[in-house]
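Reviewing the structure listed below.
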Amino acid sequence: MGEQAKFGKGCHLHLIDGSAFIFRAYHALPPLTRKSDGLPIGAVAGFCNMLHRYVEGNTGPDAPTHVAVIFDHSGKSFRNDLYDQYKANRPPAPEDLRPQFPLTRDATRAFNIACKEIEGFEADDIIATLACQARDAGGRCTIISSDKDLMQLVGDGVEMLDAMKNKRIDSDGVVEKFGVGPDRVVDVQALAGDSVDNVPGAPGIGVKTAALLINEYGDLTSLLDRAEEIKQPKRRQTLIDNRAQIELSRQLVQLDCEMELDFSLESLEVQDPDPETLMHFLADMEFRTLTKRIAEQLGVEAPVIAEAAPAKTEAAAPDELPFDVDSYTCVSDAAALNEWVAKAHKRGWIAVDTETTGLNEMQVDLVGISLCVEAGEACYIPLTHKKGASDDLFGSDDLAEGQMGLNEALDILKPMLEDPAIIKIFQNAKYDCKIFKRYGVSVAPIDDTMLMSYAMNAGEHNHGMDVLSERYLSHNPISIKTLLGTGKSAITFDKVPLEDAVKYAAEDADITLRLWQKFKPQLHQKQVTTVYETLERPLVPVLSEMEMHGVLVDRDTLSRMSNSFAQKMAGFEAELHEMAGKPFNVQSPAQVGQILFEDMALEGGKKTKTGQWSTPADVLEDLAATHDFPARVLDYRQLQKLKSTYTDALQDHIDPDTGRVHTSYSQTGANTGRFSSNDPNLQNIPVRTEEGRRIREAFVAAEGNKLISLDYSQIELRILAHIAGIDTLKQAFRDGHDIHAMTASEMFDVPLDQMTPDVRRQAKAINFGVIYGISAFGLARNLRIPRGEAQDFINRYFERFPGIRTYMDDTKAFAKENLYVQTLFGRKIHMPQINAKGPHAGFAQRAAINAPIQGTAADIIRRAMVRMPEAIKDLPAKMLLQVHDELIFEVSEDAVEDTISVARDIMQGAAEPAIKLDVPLVVDAGIGDNWAEAH
DNA sequence: GACATCACG
DNA sequence: GACGTACGTGATGTCC
């Protein structure tokens with residue numbers, strides 16, 4: 001440090017406003033991506049060009065002797081402690097810009113220019129402090145920026161330079177801009193405020209008026225003290241009323257010239273870049289032109305950049321960094337943890353994984369947290385592991401040694417996990433976010449490798465970590481079973497010895513980070529960034545909240561129904577044994593089949609592929625027309641289903657703490673974009689039979705509330721009408737006609753006023769069949785008509801609506817060509833089986849026809865759900881459940897109508913503005929004390 | 001753990 | 001010309 005000459009007279013410091021460079025570069029260039037992997041790189045390219053042009057231009061007597069690029073540190077600054085709304089209305093950095101922030105630091109260092117940022121301060125403060133130091137030492141300083149907030153620093157050897165316009169700004173320039181000299185800029189800004197930074201200022205006073213006042217009264221303090229003297233009554237009152245706010249504003253705009261810096265002016269001395277380092281960086285970024293140009297100037301050989309690197313989509317390249325579970329570290333004190341937090345700040349991202357005592361997010365305890373910022377470098381923070389059970393079979397409740405306190409760790413992690421400038425990366429973020437939420441941490445923003453995979457590869461494979469790691473990293477992770485065991489002897493994670501836990505948990509974070517690095521650029525390449533960012537990622541907090549809120553279920557209602565079912569079933573069982581002439585297990589399809597088709601020798605029995613007699617409901621229904629036995633079996637089966645799956649099982653899912661049922665939605669469960677619901681499944685609660693529907697009476701609103709249900713009417717048919725472009729159908733929807741009756745009328749030439757329910761029913765079956773990729777066989781079975789007749793129906797339908805056949809043929813052809821189909825919103829559903837030969841071919845083709853329709857409907861309700869929390873935030877209403885085309889809310893009695901109105905608008909307009917459908921979306925609403933009434 | 005059955009959209 | 005099919009899910013019980 002002592003080698004450099006002292007900064008003083010004759011020295012000239014240049015300070016570059018790094019953030020301004022980045023944003024200017026970002027907006028000036030198209031969204032370039034790195035050829036080999038699609039990493040967004042446009043802002044870095046522009047940044048490097050600007051930096052290079054700047055260095056090139058620094059010749060002659062006025063060249064700087066010292067230089068630094070100053071960046072804003074991610075996260076909040078001390079100004080947020082003064083005013084929590086400071087810069088609060090600033091939108092987050094664009095998605096494709098964020099990963100470029102750290103790269104611009106790397107670029108600065110590659111050019112061998114000092115690169116500075118300090119936590120808790122803005123770049124402007126560092127610039128202010130350095131400028132003052134330079135001035136005090138008798139040297140000069142040029143600030144390369146056009147930010148008006150820096151103009152207060154101008155004067156006495158400090159100037160600004162607008163690099164784009166190549167215009168210097170001195171004291172006169174400041175007067176031109178603010179109407180006052182640099183020393184009064186702060187006063188003017190305090191009065192005028194700043195909408196960009198959300199500095200309030202004095203209402204109704206702009207720069208012009210502010211300058212007028214300051215020039216008249218000398219300075220801000222005098223002005224405020226003598227505010228009574230102001231002639232204009234309104235202006236006078238404003239200043240008197242808002243004195244505190246104006247003084248706060250002054251604090252906000254006043255830059256800190258006296259920061260403690262851990263580097264000296266001397267350390268910023270201009271140095272030549274190291275050609276090798278610079279070349280390596282530029283080549284790594286694949287900047288072909290710039291690399292060549294700078295290589296020539298430096299007189300070195302330009303490194304070769306492969307023209308078209310092989311697409312790295314599937315298996316990992318063999319030369320990738322191997323996994324080494326022994327390299328992972330165990331973090332057990334605050335100092336070590338703080339280092340990891342610092343790494344996250346530096347990088348702007350961090351992969352996080354939580355370990356818990358089980359899978360039920362509402363009940364389990366946090367056991368530890370693993371982190372990873374750089375591939376191959378991961379740690380585990382054990383928090384509540386229990387002491388080993390060396391000779392005590394039951395283990396111990398005492399905490400194991402070598403762990404930091406849970407609260408201490410969370411206190412350190414919370415600001416980072418909530419920092420808007422740091423992306424937290426998870427595999428299945430919803431799980432971890434719910435856990436963190438229970439510990440008072442609201443994690444944001446996030447990325448989720450599971451959802452990225454789903455957006456890119458739905459239909460190709462599942463999206464669990466094991467599958468993804470195997471497929472994309474060629475690595476088999478440690479199996480959780482080897483740590484926990486299986487079945488009855490399985491232990492919970494808090495009983496796992498620390499050294500094993502570190503390897504397993506840290507590896508998961510490492511895998512997550514590596515998957516993210518691999519997937520991120522692929523999202524662009526596969527053109528699903530919008531799907532991921534608008535239809536997948538924003539749902540994580542929405543679903544988390546719905547799941548955590550849960551739905552109130554009345555245990556007594558269920559319990560009474562269970563008892564009633566049990567009684568009836570016992571009666572049916574006795575009857576059935578009597579009829580069979582022997583006791584048998586009514587729940588065994590094999591035994592029922594034997595009795596029906598062997599003992600009773602009934603006709604029409606078919607066998608399943610395993611050789612058993614097949615006894616599904618439709619077969620038994622046919623037999624029930626003539627025999628009591630199959631009719632009774634059906635009765636029994638219905639009650640058995642209701643009891644075991646619903647009235648019994650649902651009670652076990654009532655959370656002991658909340659008294660409510662908390663389902664879990666799987667965002668990646670259905671390939672079409674639908675959600676699935678599990679533990680328990682609340683998307684298949686009975687409704688079609690009277691008996692079953694009564695189960696919904698147990699789903700109730702809390703005291704003083706109502707349940708409301710809003711469902712899309714015929715959404716899939718509407719989408720079909722739009723996509724296939726069927727004018728008659730579209731018009732019918734626009735006119736609000738009964739679509740099935742209309743179809744029947746068109747097909748069978750029956751006037752609407754002479755429509756019979758049976759003809760309408762047949763048309764309805766055809767309409768549904770079309771959505772499913774109609775076949776004569778399927779329609780025949782559904783309508784119980786001969787196959788030839790079904791084929792006639794279908795032919796007539798296609799004749800009447802030729803657009804439908806075109807849509808089906810086009811969709812099939814598209815799928816065969818591309819191996820995927822698409823929704824209106826760009827969601828891709830892969831169809832790897834579409835070109836299969838043989839009997840399976842039909843399956844894939846029908847799925848291909850159905851997927852765009854079902855998927856588009858799923859996209860639309862997803863869009864509604866993403867917008868819903870903001871829309872209802874001021875209403876006493878909560879969104880509880882989603883059942884594919886229906887949303888259920890719990891709402892205070894006095895806000896029922898308002899909520900319906902708001903939620904309906906959101907749902908009906910959910911396709912817009914992305915898509916303007918040719919058909920209206922209609923949402924029906926129901927209200928009740930329970931779900932049966934509301935539906 | 002595979003299979004059959006049945007609940008939903 | 002025969003093959004065997006409606007599309008998408010999850011939970012439960014039997015049986016091996």
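All chains are named by letter (A, B, ...) in the order of the sequence lines, taking the proteins before the strands, and each is independently numbered beginning at 1.
Nucleic acid contact class of A/Asn681 (heavy atoms, under 4.0 Å, all strands): sugar-phosphate only. Residue-level contact check: A/Thr645 touches the backbone only, with heavy atoms under 4.0 Å from sugar-phosphate atoms and none from bases. At the heavy-atom level, A/Ala765 lies under 4.0 Å from base atoms of the strands shown. If you check every strand for non-hydrogen atoms under 4.0 Å, A/Glu716 touches nothing. Within 4.0 Å (heavy atoms only), A/Asp711 reaches no atom of the nucleic acid at all. The residue A/Leu779 sits close to a base: some heavy atom pair falls under 4.0 Å. Residue contacts for A/Gly769: at a heavy-atom cut-off of 4.0 Å it reaches a base atom on one of the strands shown. Within 4.0 Å of A/Ser677, counting heavy atoms only, lie sugar-phosphate atoms of the nucleic acid but no base atom. A/Asn678 comes within contact range of the sugar-phosphate backbone alone, with a heavy-atom separation under 4.0 Å but no base atom that close. Contact annotation for A/Ala857: no contact, since no heavy-atom pair falls under 4.0 Å across all strands.
Among the candidates A/Arg827, A/Lys430, A/Arg863, the single residue satisfying the salt bridge (charged side-chain N to carboxylate O under 4.0 Å, His left out) test with A/Glu536 is A/Arg827. Checked against A/Glu691 for a salt bridge (charged side-chain N to carboxylate O under 4.0 Å, His left out), the options A/Arg696, A/Lys643, A/Lys568 give a single hit: A/Lys568.
Atoms CZ (A/Phe793) and P (C/dA6) sit 19 Å apart, rounded to a whole Å. Between A/Arg696 atom CZ and B/dA7 atom C1' the separation is 10 Å, expressed in whole Å. Rounding to whole angstrom units, CG of residue A/Leu620 and C1' of B/dA4 are separated by 12 Å. Between the CD atom of A/Gln591 and the P atom of C/dC16 there is a distance of 10 Å, rounded to whole Å. The distance between atom NZ of A/Lys643 and atom P of B/dC6, rounded to the nearest whole Å, is 18 Å. Going from atom CD of A/Gln714 over to atom P of B/dG9 covers 13 Å, rounded to whole Å. We find that CD of A/Gln612 is positioned 8 Å from P of C/dC15, with the value rounded to whole Å. Distance, A/Gln587 CD to B/dT5 C1': 11 Å, rounded to whole Å.
Ion pairing between A/Arg694 and A/Glu697 holds under the 4.0 Å rule for side-chain N and carboxylate O. Between A/Glu575 and A/Arg632 there is a salt bridge, since a side-chain N of the basic residue sits under 4.0 Å from a carboxylate O of the acidic one. In this structure, A/Arg784 pairs ionically with A/Asp622, as a charged nitrogen and a carboxylate oxygen lie closer than 4.0 Å.
Checking the phosphate oxygens (OP1, OP2) of C/dA6, no side-chain nitrogen or oxygen of A/Ser775 falls inside 4.0 Å.
For C/dC3 and B/dA7, the P atoms lie 31 Å apart once the distance is rounded to whole Å.
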* Watson-Crick or G-U pairs under 3.5 Å in DNA chain C, rendered as dot-bracket with [ ] for crossing pairs and | for another strand -> ......|||||||||.
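Close placement of the A/Phe814 and A/Tyr820 rings is indicated, their centers lying within 6.0 Å of each other. A ring-centre distance under 6.0 Å is not found for A/Phe793 and A/Tyr797.
In this structure, A/Asp628 places its CG atom where only 12 or fewer heavy-atom neighbours from other residues, nucleotides or ligands lie under 6.0 Å away.
Side-chain contact check for A/Asn681 versus A/Thr645: every heavy-atom pair is 4.5 Å or farther apart. The shortest side-chain heavy-atom distance between A/Met546 and A/Leu880 does not fall under the 4.5 Å cut-off.
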Are any protein N/O atoms closer than 3.5 Å to N/O atoms in nucleotides 2-4 of chain C? If there are, list each pair with its distance.
from: C/dG4; atom 1: O6; to: A/Arg787; atom 2: NH2; distance (Å): 3.4

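Within residues 629-637 of chain A, no residue places a heavy atom under 4.0 Å from DNA chain C.
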